[in-house]
2 protein chains.
Amino acid sequence: MTTAMQLTNVLKTLADPTRRAVFERIIREGEIAATGLVQGSKVSQPAVSQHLRALRDAGLVAERREGRHIHYRVAPKGLSPLIDWLGHYETFWAERFANLERLLKESE
Amino acid sequence: MTTAMQLTNVLKTLADPTRRAVFERIIREGEIAATGLVQGSKVSQPAVSQHLRALRDAGLVAERREGRHIHYRVAPKGLSPLIDWLGHYETFWAERFANLERLLKESE
DNA sequence: CAGTCGTATAAGCAATTGCTTATATATTCG
DNA sequence: CGAATATATAAGCAATTGCTTATACGACTG
């Protein structure tokens with residue numbers, strides 16, 4: 001079960017374009033250290049670090065320490081609050097997401 | 001095609017709990033006037049009006065004037081940026097939403 | 001050990017947000 | 001017309017946000 005607060009957190013976290021870009025980069029790379037994320041980012045290292053903290057707090061990414069580096073990867077269940085919410089209202093979207101909730105349940 | 005800005009708008013708009021509650025209420029009621037939304041809301045009439053403006057600007061609701069009342073309803077395509085984005089990254093979610101993109105295309 | 005690399009935290013600041021009260025704009029009714 | 005109803009806008013304000021620079025922490029290296 002996901003709470004409204006978790007959903008709010010996920011939405012807020014993804015709503016910032018810079019932070020979402022970091023998240024998308026992590027998705028594409030599979031696993032990447034903070035250093036790699038700073039390179040090619042428009043903002044400073046502390047800014048990236050703060051975004052990573054926000055992403056972790058929202059449950060969207062997980063980390064794995066390896067020496068001095070911390071490798072970030074997507075947390076599979078991080079988007080659940082969002083998917084759950086969409087699924088919960090699926091019947092209102094004119095059958096658009098007819099199978100979404102079923103797919104969600106199968107994946108648990 | 002949806003832009004990153006549209007996605008940002010949708011996410012930001014839904015990220016506020018009060019505004020999201022207004023949106024969910026519109027979903028449940030099907031169609032409801034602003035007055036109805038103010039009743040049972042924790043915030044003032046102007047606050048609700050501002051939330052409705054934000055929802056409309058984000059493309060999430062549409063309005064229909066009827067005399068003095070303005071009835072709000074969900075805009076079917078409003079969530080497209082969000083769904084598109086989820087669908088775009090579906091292959092990274094470990095097959096979790098394997099059919100999402102297909103479902104999306106069918107509904108156009 | 002001291003130095004350096006990778007990352008996080010602190011402090012400060014401008015911009016944005018969400019609310020309020022007060023007022024304006026429609027629209028209908030008598 | 002004038003009063004009442006439904007909604008929107010204006011102005012102001014406290015809280016939050018996202019960034020910066022500066023500094024601290026942690027782990028490796030020589």
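Letters A, B, ... are given to chains in the order of the sequence lines, protein chains preceding strands, and every chain is numbered from 1.
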Subject >> SB check A:Glu63 A:Arg65 (cutoff 4.0 Å) >> reply: no
For nucleotides 12-16 of chain C, print each protein N/O atom paired with a nucleotide N/O atom at under 3.5 Å, atom names and distance only.
none

Original post:
Does a donor on one side chain sit under 3.5 Å from an acceptor on the other, for B:Trp85 and A:Glu24?
Top reply: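 A:Glu24 and B:Trp85 do have a side-chain donor-acceptor pair below 3.5 Å.
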**OP:** Ignoring hydrogens and angles, state whether a donor on the side chain of A:Thr13 or A:Arg20 is under 3.5 Å from an acceptor on the partner side chain.
**Re:**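 No, because no side-chain N or O of A:Thr13 sits under 3.5 Å from a partner of the opposite role on A:Arg20.
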Original post:
Relative to the 5' end of DNA chain D, which residue comes earlier, A:Val43 or B:Val48, by the nucleotide with the nearest heavy atom?
Top reply: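 Upstream on the strand: B:Val48.
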Take the protein atom [atom1] of [X] and the nucleotide atom [atom2] of [N], then report the distance between them rounded to whole Å.
X: B:His51; N: D:dT9; atom1: NE2; atom2: C1'; answer: 15 Å
X: B:Leu52; N: D:dA8; atom1: CG; atom2: P; answer: 6 Å
X: A:Asp57; N: C:dT9; atom1: CG; atom2: C1'; answer: 14 Å
X: B:Lys42; N: C:dG18; atom1: NZ; atom2: C1'; answer: 17 Å
X: B:Arg19; N: C:dT17; atom1: CZ; atom2: P; answer: 9 Å
X: B:Ile32; N: D:dA6; atom1: CD1; atom2: C1'; answer: 14 Å
X: B:Leu14; N: C:dT17; atom1: CG; atom2: P; answer: 15 Å
X: B:Leu55; N: C:dG18; atom1: CG; atom2: P; answer: 11 Å

Original post:
Checking only heavy atoms, does the side chain of A:Gln50 share a donor-acceptor pair with the base of D:dT17 at less than 3.5 Å?
Top reply: no
Pairwise side-chain contact, [X] with [Y], heavy-atom cut-off 4.5 Å (strictly under):
X: B:Arg19; Y: B:Leu55; result: yes
X: B:Leu7; Y: B:Thr3; result: no
X: A:Leu60; Y: A:Leu14; result: yes

Original post:
Can you tell me if A:Arg25 uses its side chain to pair, donor with acceptor, with the backbone of A:Ile27 under 3.5 Å?
Top reply: no
Original post:
When you check every protein heavy atom under 4.0 Å of nucleotides 23-30 of chain D, what one-letter string (B, S, -) results, 5' to 3'?
Top reply: ----BB--
Subject >> Residue B:Arg53 excluded, over 12 heavy atoms near CZ under 6.0 Å >> reply: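 Not more than 12 within 6.0 Å, no.
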Original post:
How would you label the contact of A:Ala34 with the nucleic acid (heavy atoms, under 4.0 Å): base, sugar-phosphate, or nothing?
Top reply: sugar-phosphate
Subject >> side-chain contact (heavy atoms from CB on, under 4.5 Å) against A:Ala21, all qualifying residues, sequence neighbours excluded >> reply: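 In terms of side-chain contact (heavy atoms from CB on, under 4.5 Å), with neighbours along the sequence ignored, A:Ala21 is linked to no residue.
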Subject >> Presence of B:Ser44 side-chain N/O under 4.0 Å of C:dT20 phosphate oxygens OP1/OP2 >> reply: yes
Subject >> D:dG18 phosphate, OP1 or OP2, under 4.0 Å from A:Thr18 side-chain N/O >> reply: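 Checking D:dG18 against A:Thr18, no side-chain N or O comes under 4.0 Å of OP1 or OP2.
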Subject >> Nucleotide of C:dT9, D:dC19, D:dA8 approaching A:Arg53 most closely (side-chain heavy atoms) >> reply: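 Of C:dT9, D:dC19, D:dA8, C:dT9 is nearest to the side chain of A:Arg53.
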